[in-house]
Amino acid sequence: MTTPDERDDELEASRPPGLPEGFRMDGWELGPVIGSGGWGTVYEARKVDDGTPAAVKVLPTGALGPGQRAALGELVAREVRFSAEADHPHLVRTHAVCTVEAPELPALDGAIALVMDRAEASLKDVLDAAETGGPIADADRVLRGVAAGLAHMHDAGWVHGDLKPANVLLGPGGRVWLADFGLTTELDGTHAHLPPLGTLDHLPPEWWSQRTGAQGAVVRPTADIWAFGVLAHQVLTGGLHPFPGATARARSLAAQTYARGTAPLRLDAGLDEDMRRLIADCLAPDHAARLPHTAAGVAARVQALTGGPHRRRRRLVPAAAAGLVVLTAAAVAGAALLGGGGGGTRDEDRDTPAATGTPTSGPPAGEIPEDSDVPEELRPVIARAAHRCTDEEITPALLAALVKAESDFDPNASRPESEEYGIAMWTPSVFRAWAVDGDGDGDKDHMSPPDAISTMSLYVCWLDQRFKQAGLPKKDLPALVAAGYRTSDRTVIEERGVPERVRPHVDKVMRYLAEYQR
């Protein structure tokens with residue numbers, strides 16, 4: 001299968017060039033590059049006279065137009081002012097502001113340089129290197145530090161505006177610092193205004209529906225609370241985002257779908273119950289629902305869950321239940337579980353004919369008939385995977401029809417020319433972006449039938465929600481899902497139906513579906 005169309009993950013300016021190692025300015029000597037962002041480049045540095053370590057963020061201005069230069073000046077002034085006013089052990093400090101003097105490098109001459117505390121790594125670095133499925137090392141300490149720093153900022157009347165793993169720095173001695181205050185702004189009453197910048201993966205759903213006025217986009221403390229919820233889920237799951245999608249754009253669309261109440265909130269099934277409830281509160285679907293959950297309250301809850309003698313323990317999840325815990329937007333405040341636990345189905349607690357012993361002429365609607373050609377060992381795998389999706393169109397019968405059309409249930413199937421492999425014909429790189437551990441063994445392998453089928457269910461569930469959101473006919477959703485799995489969500493939405501090039505494949509899926517639904 002193919003991936004949804006890629007778009008830029010961040011709304012930023014273009015990436016600037018860098019300075020050579022050994023460059024000196026105002027008593028500081030630059031070392032190698034630590035990282036780059038949209039506005040500038042960060043270097044290792046040391047003070048020439050005593051070797052004090054630091055990090056220097058260089059922000060070029062020469063190639064900027066007047067409007068961009070003014071915006072950058074505002075960001076720098078905001079960062080410097082905040083650093084001077086908000087002194088806290090979990091906020092990185094800006095020690096000096098320098099001007100780069102390099103006539104031989106016109107693009108960098110006159111650049112602004114901020115000298116800051118130097119960290120050993122960013123939280124993003126740690127997450128990028130982590131194994132998914134469990135908390136990172138020192139997860140409790142990291143969450144306590146982030147929450148405490150955020151609470152201090154909010155108590156002082158500031159909103160961070162760009163809380164994300166790349167802006168959490170980990171220093172020597174277990175230090176945790178919030179960093180990058182270029183979008184930090186002081187509240188004017190209940191809200192403030194920011195330039196329309198930010199990182200898609202951590203922007204709250206309401207950001208997309210509000211208008212940007214002359215003063216910029218409205219930002220409130222609840223935007224930071226949303227971002228903390230996303231970050232906490234990533235820290236406790238080795239980097240897994242709480243919303244599905246192969247790209248940041250796709251994940252932000254999934255968050256918007258959830259906020260509209262047309263899709264559930266899926267949190268990792270291995271989270272401790274109390275921590276899951278905290279994250280769900282932070283990810284309440286709109287500003288009003290998050291308003292009761294202040295940064296101070298979140299910090300106190302994190303401290304209680306991770307810092308005392310009764311430390312939380314990661315709940316062990318049965319292999320059959322490995323996957324996602326599902327919450328509806330309306331039930332987030334109460335943390336009502338709708339799926340993902342115990343490996344059961346949506347109908348397992350109902351008095352169905354099969355459960356009561358009443359004779360029945362066939363399986364419940366959407367279930368796989370006993371005399372079908374679906375291999376016996378795959379039926380519970382397909383049923384569990386399908387029932388993790390709360391959308392009624394995603395049934396075991398549809399999932400079985402998709403697998404039948406893709407591989408004829410052959411776990412070793414392959415199409416090398418299109419780089420698709422296994423029972424669900426995943427492209428390995430796309431599989432990694434959506435991967436679900438379907439058999440509970442801790443690995444996520446596109447050649448494992450339980451993993452591949454569980455991941456297929458997650459992806460087609462998201463497709464189903466996307467097509468509903470786009471207003472496509474409900475009666476056509478099974479066919480549209482089959483087409484989206486072969487192409488992409490965007491292709492189906494743009495063509496407002498099944499693209500002709502995949503029509504034969506979709507027709508085959510629909511024939512199998514009719515057979516399994518007889």
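The model shown is predicted, which means the values in this text are computed figures rather than measured ones. Along the sequence shown, the residues carry numbers beginning at 1.
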TODO: Report yes if some heavy atom in the side chain of Asp201 is under 4.5 Å from a heavy atom in the side chain of Ser252; otherwise report no.
DONE: no
Open item on the list: Is any side-chain heavy atom of Ser448 closer than 4.5 Å to one of Asp439?
Closed with: yes
Open item on the list: Angle between ring planes, Phe243 versus Trp226, binned at 30° and 60°: parallel, tilted or perpendicular?
Closed with: parallel
Task: Leu231 vs Leu143 side-chain heavy atoms within contact, under 4.5 Å - done: yes
Task: Residues which pass ring pair (Phe, Tyr, Trp, His ring centres under 6.0 Å) with His505, listed by chain and number, not counting sequence neighbours - done: none
Task: Point-to-point distance, once rounded to the nearest 0.5 Å, from NZ of Lys444 to OG1 of Thr132 - done: 3.5 Å
Open item on the list: Determine whether His154 and His160 satisfy the following criterion, side-chain contact (heavy atoms from CB on, under 4.5 Å), listing intermediate values before the conclusion.
Closed with: CA-CA 8 Å; His154 286 195; His160 189 285; 5.9 Å; no
TODO: Kindly indicate whether the side chain of Glu420, heavy atoms from C-beta on, has any atom under 4.5 Å from the side chain of Pro428.
DONE: no
- [ ] Say whether, by atom type as modelled, one donor and one acceptor occur between the side chain of Arg251 and the main chain of Pro244 under 3.5 angstrom.
- [x] no
Open item on the list: Between the side chains of Glu206 and Arg220, is the shortest nitrogen-to-carboxylate-oxygen separation below 4.0 Å, so that they form an ion pair?
Closed with: no
Open item on the list: Is it true that Ser457 and Ser454 share a donor-acceptor pair across their side chains at a distance under 3.5 Å?
Closed with: no
Task: Spacing of OG belonging to Ser407 relative to CD1 belonging to Ile423, to within rounding of 0.5 Å - done: 4.5 Å
Open item on the list: So, using side chain to side chain contact (heavy atoms under 4.5 Å, CB included) as the criterion, who are the partners of Ala397 when residues are at least two apart?
Closed with: Thr395, Leu513, Tyr516, Gln517
Open item on the list: Which residues pass the side chain to side chain contact (heavy atoms under 4.5 Å, CB included) test with Thr257, not counting sequence neighbours?
Closed with: Arg260, Thr262, Ala263, Gln465, Gln469
Open item on the list: Does this structure show an ion pair linking Asp272 with Arg276, if we count only N-O contacts that are shorter than 4.0 Å?
Closed with: no
Task: Glu406 with Arg415: basic N within carboxylate O range, under 4.0 Å - done: yes
TODO: Write down the atom of Leu399, the atom of Ala386, and the distance for their closest heavy-atom approach.
DONE: CD2-N, 3.8 Å
TODO: Evaluate the side-chain proximity of Glu392 to Lys474: yes if any heavy-atom separation is below 4.5 Å, no if none is.
DONE: yes
Open item on the list: If I compare all heavy atoms of Pro396 with all of Glu367, which pair ends up nearest, and what's the gap?
Closed with: CG-OE1, 3.6 Å
- [ ] Working to the nearest 0.5 Å, report the span between OG1 of Thr455 and CZ of Phe431.
- [x] 4.0 Å
Open item on the list: Less than 4.5 Å apart, side chain to side chain, heavy atoms only: is that true for Arg144 and His90?
Closed with: no
Open item on the list: Can you tell whether the side chains of Glu495 and Arg501 come within less than 4.0 Å, N to carboxylate O?
Closed with: no
Task: Rounded distance (nearest 0.5 Å) linking atom OH of Tyr258 with atom CG of Leu265 - done: 5.0 Å
Open item on the list: Please evaluate residues Val374 and Lys404 with respect to the criterion side-chain contact (heavy atoms from CB on, under 4.5 Å), reporting the C-alpha separation (whole Å), side-chain torsions for both, the decisive distance (0.1 Å), and the verdict.
Closed with: CA-CA 8 Å; Val374 180; Lys404 169 79 172 177; over 6 Å; no
Task: Residues Lys468 and Glu393 bridged, charged N to O under 4.0 Å - done: yes
Open item on the list: Please check this pair: side chain of Thr222 against backbone of Ile225, looking for a donor-acceptor N/O pair closer than 3.5 Å.
Closed with: no
- [ ] Carefully, step by step, assess Phe409 and Asp373 under the rule side-chain contact (heavy atoms from CB on, under 4.5 Å).
- [x] CA-CA 9 Å; Phe409 304 112; Asp373 65 348; 4.0 Å; yes
Open item on the list: Is a donor from one side chain sitting under 3.5 angstrom from an acceptor on the other, for His446 and Asp451?
Closed with: no
Task: Sequence neighbours excluded - disulfide bond (SG atoms under 2.5 Å apart) pairs with any residue from residues 435-475 - done: Cys389-Cys461
Open item on the list: Quick check: do Cys282 and Val298 have side-chain heavy atoms less than 4.5 Å from each other?
Closed with: yes
Open item on the list: Strictly distance-based, threshold 3.5 Å: is any side-chain N or O of Trp426 a donor or acceptor partner for the main-chain N or O of Ala452?
Closed with: yes
Open item on the list: What's the separation between atom CG in Leu253 and atom CZ in Arg490, rounded to the nearest 0.5 Å?
Closed with: 10.5 Å
Task: Those residues that, when tested against Asp128, pass side chain to side chain contact (heavy atoms under 4.5 Å, CB included) (two or more places apart) - done: Lys124
TODO: List the steps, then state whether side-chain contact (heavy atoms from CB on, under 4.5 Å) holds for Val509 with Val481.
DONE: CA-CA 10 Å; Val509 172; Val481 164; over 6 Å; no
Open item on the list: Would you compute the distance between atom CD1 of Ile394 and atom CE of Met456 and round it to the nearest 0.5 angstrom?
Closed with: 10.5 Å
Open item on the list: Using the side chain to side chain contact (heavy atoms under 4.5 Å, CB included) criterion, which residues pair with Pro242? Sequence neighbours excluded.
Closed with: Val230, His233, Leu267, Leu283
Open item on the list: Using a 3.5 Å distance criterion without hydrogens, assess whether the side chain of Asp410 forms a donor-acceptor pair with backbone atoms of Asn412.
Closed with: yes
- [ ] Flag the pair Tyr512 / Lys508 as yes when at least one side-chain heavy-atom distance between them is below 4.5 Å, and no otherwise.
- [x] yes
Open item on the list: Using only atom types and a distance under 3.5 Å, with no angle test, would you say the side chain of Asp268 pairs donor to acceptor with the backbone of Leu240?
Closed with: no
